[in-house]
Structures are given as structure tokens and as C-alpha cells.
Number of protein chains: 2
Amino acid sequence: MRNDEEYEQPTKAAIAQRHRKIGPLSRRFFQVYLGLISEALAPFEMDPSFYSLLVELHERPGIDQRRLGEALGIDRTTIGQMVDELDHRGLISRKVHAQDRRARILSLTSKGDALRLQIRPHMLRAQAQLEAPLTPEERGTFLELLTRIVVSNLDKESTGGFRRRKLRPKEKGGG
Amino acid sequence: MRNDEEYEQPTKAAIAQRHRKIGPLSRRFFQVYLGLISEALAPFEMDPSFYSLLVELHERPGIDQRRLGEALGIDRTTIGQMVDELDHRGLISRKVHAQDRRARILSLTSKGDALRLQIRPHMLRAQAQLEAPLTPEERGTFLELLTRIVVSNLDKESTGGFRRRKLRPKEKGGG
DNA sequence: ACCTGATGATCAGTATACTGACTAACTATC
DNA sequence: GATAGTTAGTCAGTATACTGATCATCAGGT
């Protein structure tokens, strides 16, 4: 361990100090959330996106794929793949819309809803753990402010999810 | 437009209502942030991760790759690739550590720092836009609570970034 | 010096999520 | 009912970011 004048694990306080910027914090926040719930979901062969898809479908049964994707901020192709997977697993059903045969009507199967209910307490626990550092009163405040930020800026949302954009346009060879 | 008993764009209020859960909000929050700054960074052939790398390097010059990755919550391989890219573009320098020849000492070049400074006002503007829905006082509150949540939960952070976990173990054929 | 275990970085392989082109189906207009 | 323009969904191709294996180096014990 080189322990001269090098960098060690910065203390939590140091991290708190340095990251008092809303942007990086938003990233960390999401990352921490993912860490918590991924663990809770792993035993069910689920991940956060899949689970939120189940929840969304529970709340808006009969929604079509495009709108579902929009609701979750996931692109149409990816939603298609996810729906495909969940369909294969018998967790959701996909029917052709009666009035618009292009669209696919989605809803939870009883198996899917059972799984959702089975997972729910684990999610609530993870959520509680995330909020644990706040007092109940602070939680309300925090949620309200967070909601306002998100809703007010919804139109500026990145459509494309979390992947980095392509940076090197083509560069056929050398650096 | 099928406008009978189908789903239209839910109103912002409806979204606010439905998403009063901290987890999904954290995702939206980050997504909104990405949307805002990606736009600001695109002219510079940068993306949020790259820019935050430049900033981190400005604040901790001489850091090595592994620690840089940890600081940003990015895995070692990905950091290596990013560093490679930025090195090629002449924005950072990479030297072998004098005491530990395994490690690579990273720092901004003057070109890299100039780019960082050029981008900074755009980032600040994006940040301001993100925070705009809050009053100055609320901003302070929000940042404090957010910081507390993140710092308290740092140990539960997902190491692996934002990609979904592998779900289908192998499935060599039919579902 | 030699061996063992740990660590920083890279390489090869793979999984995920995108973009763009495409098909099918809807609406509007003639 | 034919044509044009639009939209839901899928397919093929590609880019990004991971996992695991490997190499080089370091630290400790003998």
C-alpha cells in the first residue's frame, strides 16, 4: 500500500463535501437505489426495469407498448424485448388491440401479478432503507421537492436512457 | 386517434401522483439531468461521464485509474476505455506511477483543462435549469437531504453502473 | 533470491440497449 | 377505394459497458 502522499479512500464527509452538486448527486442517488433493489430482486430473476414494468402494468392495465415505454422512459425497441421476455415467462399477456391492430394490449397475468405481490415487500424494504437517513418529516419534504424537479423538467428528459452517446463519429483507423 | 376509453398522455399532475415513490423518481431525476446536460455537452463531443471525469481529474490530479473509477462509480475496464479515449484526444495525460509501476497517474492536460473551463458555464446553466423549480431556500434543503441519503447509503451502491443484470442464465433454445 | 498472495491495468468475449430501415395498419383526403 | 402521410411494432446492425482471464508489479515471509 503506497501510503505516502497518495489518495486513500476519501472519507464519507469528503465525498459529501465534494459532491454537493446536484447532477453528480442524481447519478449517485440512482446508483445507490439500483444497488439496493437489485439485490432484493435477484432471487426472482428480476431487475429494476422489469419490476417497474410489472408495476406500471398493474397500474395501467391495457396500456400499449409505446406508451408503456414512454411511461418508463425506455425506448420502443427495448420495451419490445422486455415485453417479449416477460411474455415468454408467462408474466404478462399481449393481445392485439381490437380497434387498432397495430397495437399490442398489455396486461399482467395472474402469475405476473402474484410475482409482483411477492416482490413488493422486498421493494418496500429497500425503499425504506434508502429513506432511512431522513426523518419522516424530511421524507415528505424531500419527496415533494424531488417530484417538483422531475415533473417540471419532464419535457427535457433524455429519451434514450442511460447509455453514453456515440462520441467518435467514424474514425476509420488511426487515433 | 382512438380516443375512447384508451390512455392518452397522462397529465403532469397524474404523473406526479403516480410516481410519488422514491425509487422511480430517482430514475427520472437522473434521466432528466442527463437530458439537460447531454444537450449542453454534445457540441463538445462530450457526454456526462466524460465531463465528470474531467472534473474529477481537476479536483484530484494524480489519481490512478482504479480510484478514479471508484470515485465516479464506473468499473475499471470502462474507466480504462474512457481514459484511453481522452488520452488520444490529448485532454488528459497518463504516466506510470514512480513508486508503483502498475499504476497510471492521471491528470488533465492544459488542453483538457481549457475544455473543462469552456464547458463549465454550460453545465452550470443546465444545473440551474434543473433546480429552477425550487426556491433558493428549497435548493439548500433539497441538496442537504439528497446528500444525506446518498452518503449514508454509499456502501450499498451498485458497483456495476446502470446496465441490467443478466436474467436468462443460458437458455439454449426454446423458452 | 524465491515463492505466495494481492493489486493495477488490459484483453477477449459477451450482454444490453440503442439507431435506422422496414412492415403492417391506421387516418385523412380525394 | 386508392393514395399519401403517420404511427405501433419488429428486425438487423452497431455501440457501450460489463465479466472473467491474464499480465505485470508489488509486498510479505521464508
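Worth knowing before you read on, the calculation uses all heavy atoms, side chains too, and leaves out hydrogens, waters and symmetry mates. Labels below follow one simple rule: chain letters A, B, ... track the order of the sequence lines, proteins then strands, and each chain is numbered from 1.
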**OP:** Record whether the side chain of B:Arg94 comes under 3.5 Å of the base of C:dG8 through a donor-acceptor pair of N or O atoms.
**Re:** no

Subject >> Side-chain heavy-atom pair A:Ile22, B:Phe142 within 4.5 angstrom cut-off >> reply: yes

Original post:
Roughly, in whole Å, what's the span from CD1 in A:Ile74 to P in D:dG9?
Top reply: 14 Å

**OP:** Indicate yes or no: at least one non-hydrogen side-chain atom of A:Arg116 is less than 4.5 angstrom from one of A:His58.
**Re:** yes

Original post:
Quick one: which of D:dG9, D:dC11, D:dC26 gets closest to the side chain of B:Arg102?
Top reply: D:dC26

Original post:
If only side-chain N and O atoms of B:Gln65 are considered, is one of them under 4.0 Å from the OP1 or OP2 phosphate oxygen of C:dT10?
Top reply: yes

Original post:
In whole angstrom, what separates A:Gln99's CD from D:dT7's C1'?
Top reply: 17 Å

Original post:
Expressed in angstrom and rounded to an integer, what is the separation of B:Asp64 atom CG from C:dA6 atom C1'?
Top reply: 15 Å

Subject >> Which nucleotide in D:dT19, D:dA8, C:dC18 has an atom nearest any side-chain atom of A:Arg66 >> reply: D:dA8

Original post:
Between C:dA21 atom C1' and A:Asp75 atom CG, what is the distance in whole Å?
Top reply: 15 Å

Original post:
What's the closest nucleotide to the A:Arg104 side chain, out of C:dC18, D:dG20, D:dG9?
Top reply: D:dG9

Original post:
Should A:Thr109 and A:Ser93 be marked as a side-chain hydrogen bond (donor to acceptor under 3.5 Å, both in side chains) after you check the CA-CA gap, both sets of side-chain angles, and the distance that decides it?
Top reply: CA-CA 6 Å; A:Thr109 61; A:Ser93 87; over 6 Å; no

Subject >> Whole-Å distance separating the CD atom of B:Glu85 from the P atom of D:dA17 >> reply: 11 Å

Original post:
Is any side-chain nitrogen or oxygen of A:Thr78 closer than 4.0 Å to OP1 or OP2 of C:dC18?
Top reply: yes

Original post:
In whole angstroms, how far is the P atom of C:dA9 from the CE atom of B:Met82?
Top reply: 15 Å

**OP:** Check if the side chain of B:Arg101 and the base of D:dT25 share a donor-acceptor pair of N or O atoms closer than 3.5 Å.
**Re:** no

Original post:
Is any side-chain heavy atom of A:Ser38 less than 4.5 Å from a side-chain heavy atom of A:Tyr51?
Top reply: no

Original post:
Between D:dC18, C:dG8, D:dA21, which nucleotide has the shortest distance from any of its atoms to the side chain of B:Arg76?
Top reply: D:dA21

Subject >> Reported CD1-to-CZ distance for the pair B:Ile119 and B:Phe44, which is rounded to 0.5 angstrom >> reply: 5.5 Å

Original post:
Are the charged groups of B:Arg94 and B:Asp87 less than 4.0 angstrom apart, N to O?
Top reply: yes

Subject >> B:Lys21/A:Glu59 salt bridge by N-O under 4.0 Å criterion >> reply: yes

Subject >> Pairing pattern in dot-bracket form [Watson-Crick, G-U; both distances under 3.5 Å; | = partner strand] for DNA chain C >> reply: ||||||||||||||||||||||||||||||

Original post:
Out of C:dC26, D:dC18, D:dC11, which has the shortest distance to the side chain of A:Thr77?
Top reply: D:dC11

Original post:
For the side chain of A:Gln81, counting heavy atoms from C-beta on, which of D:dA17, C:dC18, C:dC26 is nearest?
Top reply: C:dC18

Original post:
Expressed in angstrom and rounded to an integer, what is the separation of B:Ile63 atom CD1 from C:dA9 atom C1'?
Top reply: 15 Å

Original post:
Rounded to the nearest 0.5 Å, how far does CZ of B:Phe29 lie from CG of B:Leu130?
Top reply: 5.0 Å

Original post:
What's the CG-P distance between A:Asp84 and D:dC11, to the nearest Å?
Top reply: 8 Å

